[in-house]
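Sequence lines set the chain letters: A, B, ... in the order given, protein chains first and strands last, and positions in each chain run from 1. Keep in mind that this is a model prediction, so the values were computed, not measured.
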Amino acid sequence: MADIKLKTKDACSVPQGLPYGCTLSGAFAVLDQIVDSACLVHGPVGCAHLNLAGHRSMAFRGEKVARESAPLRPSPGAPLTARVFSTCLGEDEVIFGGEESLREAFREVDRRFHPPLITVISSCVSSVIGDHVEGVIGALQGEIGASLLWVESDGFISGGFDLGVNQAYRALIEKLVEPPKTRRPDCVNILGEKALALEVEVNFREIERLLDRMGLRVQTRFVRRATAEGIREMAQAAFNLICSHETGLYPAQLLRERYEMPFLAADFPVGRREAREWLQGLGQLLGREKEAEKTAQQEEEDLLQRFDPLKRLLAGKRVVVNTVDRDIVWLTDLIQLGEMELLQVNVLPILQAPTGPFPANLGPIDPAIPVRPVRDLDEVASEVARLQPDLCLGAYRIPLEREGTVFQPIPMVPAVGYRGPLELATRWQRALKVPYREGWRRGRSYADALWR
Amino acid sequence: MRSGDRPNLLLPCSLSGAVMAFEGIRGATALVNGPSGCKFYVAALVDAQDLREDPLDLGRHLSPLYFGQPRVACTCLQQEEIIYGSEGRLRTALEQLRAQRPNDLIGIVNSCALSITGEDLQGICREHGRVALVETSGFTGDLAAGFGQAGRVLVREVMLPCAERRPNAINLIGPMIGQYNWRNDRQELKRMLGRLGIAVNAVLTAGATLEEIAQAPRASLNVVVGEEYGEEIVREMAARFGLPAVGMEGYSPYGIRNTTGWLRQIAEALGMDATGPLREEIEGITSRVYPYLARYLSGGTLKGLPVAIFADGSMVLALADFLAEYLGLDPVLLGWKTVGRGTEGLLQRFSQERRLEPRVLRRPDLEEIAQGLRETSPELILGSGFEQWAAREAGLAGVPFLRIASPIWDQLILSERPFLGYKGVLFWIEEILNALRERI
């Protein structure tokens with residue numbers, strides 16, 4: 001299947017032209033998700049700590065977000081995430097080399113935990129001092145029970161976070177995934193889920209629900225709470241699905257090259273239009289187009305039925321959208337579904353250099369919708385003050401508070417499928433029910449605190 | 001890989017400690033000279049622990065200098081700078097930062113790779129006004145070590161010698177914004193000292209102003225709160241300004257006895273008689289808590305209850321002593337996130353006085369914590385988000401948990417509820433009785 005240009009709905013906001021984060025962090029984000037493995041960071045303790053702490057804190061919050069979801073453990077008693085270790089390079093190792101620390105670390109982890117897999121990520125320090133990680137692994141593999149897998153990352157020296165993610169994917173696919181003994185026609189893999197996204201389990205549940213409607217189940221999430229065995233067997237699935245093209249396209253292409261695995265070249269869908277197209281794509285891959293069409297129709301009917309009670313309060317409300325230069329078709333469609341009046345879309349281009357005249361990179365929205373490129377937040381604020389909407393949806397906060405306008409955020413990573421946007425509309429409805437301007441916004445002085 | 005001498009995987013590195021030292025000062029700002037990956041987590045922690053501005057300023061925060069976060073600037077180095085040097089980026093960052101903060105002290109903290117390549121950055125620093133440089137970085141120690149390193153830089157480059165000292169004025173050395181409840185604890189310390197007629201000249205560094213730091217040598221005495229964070233700084237100040245110090249021996253001020261002992265040390269060092277105010281404080285607190293303790297503990301159902309405590313070593317031991325001596329609980333497992341010079345000695349004192357032999361984990365990792373919890377089966381756990389996580393891994397998710405140490409990922413503090421001091425006693429008793437309510 002030809003690679004089509006995929007949309008950018010959940011691109012994070014990164015200053016232009018600056019590779020962000022470090023490669024080690026990107027690789028860690030992937031390897032930490034292999035639950036029965038150990039992840040060894042070859043570097044000073046801070047590298048392991050900041051990644052470990054960052055991921056555990058997000059996992060904490062993510063579990064609260066998805067508490068009613070499917071069981072969190074892949075099997076009883078198994079850890080939720082990989083065990084993380086550090087070679088704790090200090091001044092001695094910086095001067096005399098860290099390879100002996102690395103050897104000791106491999107032996108200790110293997111002895112204590114007997115994991116099937118030990119992954120190792122290198123830091124900038126180990127790279128600068130010239131530790132030969134691959135050489136250590138080559139010499140040691142024979143005496144260690146676990147499989148040893150090195151992901152070349154070199155801290156930030158090689159590049160940014162994205163590179164680390166891809167390096168990890170490539171190492172896992174090239175060195176761990178085995179040729180398929182058989183293919184399971186009802187199984188799919190999911191590629192590219194972002195470990196740090198709070199909505200990851202909520203989104204997975206919705207996709208799993210839609211797949212179930214098509215008689216499909218998920219074999220391996222690559223890489224999200226996966227096991228070493230699950231990754232080894234990935235090529236036995238019928239095809240691959242991409243959560244987000246930024247993270248999923250690369251492994252999808254690798255798996256297609258190595259194991260002739262087809263993939264659906266579409267992000268997880270957001271909203272009914274994309275969901276319909278996505279189901280149609282599934283139908284084509286399975287050769288069951290009519291069934292897919294029927295499923296899409298039923299889902300849409302279900303959505304409209306669930307949406308109906310929300311329209312009592314939403315219909316007729318005047319809306320302004322403040323966004324950045326990314327796809328918002330799902331949002332404009334949701335507004336239309338609520339029979340709300342979209343007054344204007346203000347676009348602050350911060351994600352990328354403009355790729356053409358507006359509103360091309362907003363997606364194929366209704367050409368009748370007024371779209372205005374803006375220079376800065378002050379201009380956005382003055383537009384909102386001029387238009388006086390009931391509801392102002394924003395990808396960013398603006399320096400304006402206005403009696404009569406409710407401000408609600410546009411999620412950076414929108415929830416997927418049919419149910420995701422429904423939940424967002426429910427929040428709009430709730431926000432519009434209560435008094436517009438909360439007491440705390442009225443100021444801190446006694447006089448200001450009095451009701452006006 | 002894992003030994004008592006090794007740094008703790010569950011604690012930020014010395015770069016983070018140095019950053020927090022500077023960011024805690026009003027009138028100073030940290031600049032990480034390194035990749036954005038090094039600053040990201042500590043910037044998130046600083047913002048969470050010392051929230052200053054809302055709403056988020058997209059225009060400022062999205063710049064390469066701040067990389068999308070409200071706090072902690074960074075030069076965002078790339079691989080070229082390792083080979084060719086970071087001078088260009090550092091100059092640019094200093095110029096941008098100076099334009100935003102014309103009068104601030106800029107505290108540059110070098111990251112690991114830059115420390116290895118050994119660039120001479122002092123010259124650049126001198127070109128940009130008030131700039132201090134912490135050259136050592138992540139691989140030289142843990143959070144406390146980094147805080148001490150930055151503190152020594154402040155002593156050498158910011159503090160001013162003085163002709164005369166302020167009588168009955170002390171410096172508090174050791175409070176830092178990375179400590180979970182620093183704001184309330186700082187307030188309680190000031191309150192208690194104020195009751196004794198003792199002024200706080202400067203706090204190093206949580207919530208201090210730059211001017212206070214500069215005038216720190218005017219105090220009559222340095223008082224350490226948490227030996228791990230204060231020791232290096234007081235040694236440097238003693239060498240440079242001849243300032244004596246107390247607070248490094250004995251327990252930190254948690255609980256009634258330990259707080260009283262700590263305050264008496266200070267009063268004696270200043271030649272003051274604190275008997276009257278201390279008696280009033282003690283009577284005020286004990287009369288408040290006594291009815292509840294009499295009602296809920298006299299049945300003996302909590303006596304000997306096994307407790308696990310995880311925090312900085314000085315805090316752990318002081319709390320263990322308080323819980324054992326005052327409430328009759330049994331601290332069976334102690335996890336030291338940091339270890340000071342006096343920590344082992346204090347453990348021996350605890351064991352002898354309380355006749356208890358707790359299991360001690362020194363800088364444990366997650367697996368050691370989970371194993372320790374499984375083997376000691378505590379029925380109350382005090383710790384950070386990591387121990388909360390480890391408790392679930394150990395099958396102890398149902399055991400009451402009190403959040404007492406950073407990082408805490410799911411609860412912020414706004415109310416006035418210190419952990420330290422006499423008012424801290426109210427917090428501990430309230431929280432413990434509430435946590436174990438169904439048993440009493």
- Could you tell me whether Glu108(A) and Arg112(A) have a side-chain N and a carboxylate O separated by less than 4.0 Å? yes

- Item | Donor-acceptor under 3.5 Å (Glu228(B) side chain, Gly313(B) main chain) | yes

- Proximal component of Leu11(B), with respect to chain A [non-hydrogen, under 4.5 Å]: backbone

- Query: Got Trp336(B) and Leu361(B) here, is their nearest side-chain heavy-atom distance under 4.5 Å?
  - Reply: no

- Message: Counting heavy-atom pairs closer than 4.5 Å to chain A, which one of Pro12(B), Gly385(B), Cys112(B) comes out on top?
- Response: Pro12(B)

- Query: Do other residues, nucleotides or ligands put more than 12 heavy atoms under 6.0 Å from Phe40(B) CZ?
  - Reply: no

- Given a strict heavy-atom distance threshold of 4.5 Å, which part of Leu15(B) is in contact with chain A: side chain, backbone, both, or neither? neither

- Query: In terms of ring plane angle, is the pair Phe113(A) and Phe85(A) parallel, tilted or perpendicular, where the classes change at 30° and 60°?
  - Reply: tilted

- Is it the backbone or the side chain of Pro407(B) that comes under 4.5 Å from a heavy atom of chain A, or both, or neither? neither

- In terms of heavy-atom proximity below 4.5 Å to chain B, should Ile95(A) be classed as side chain, backbone, both, or neither? neither

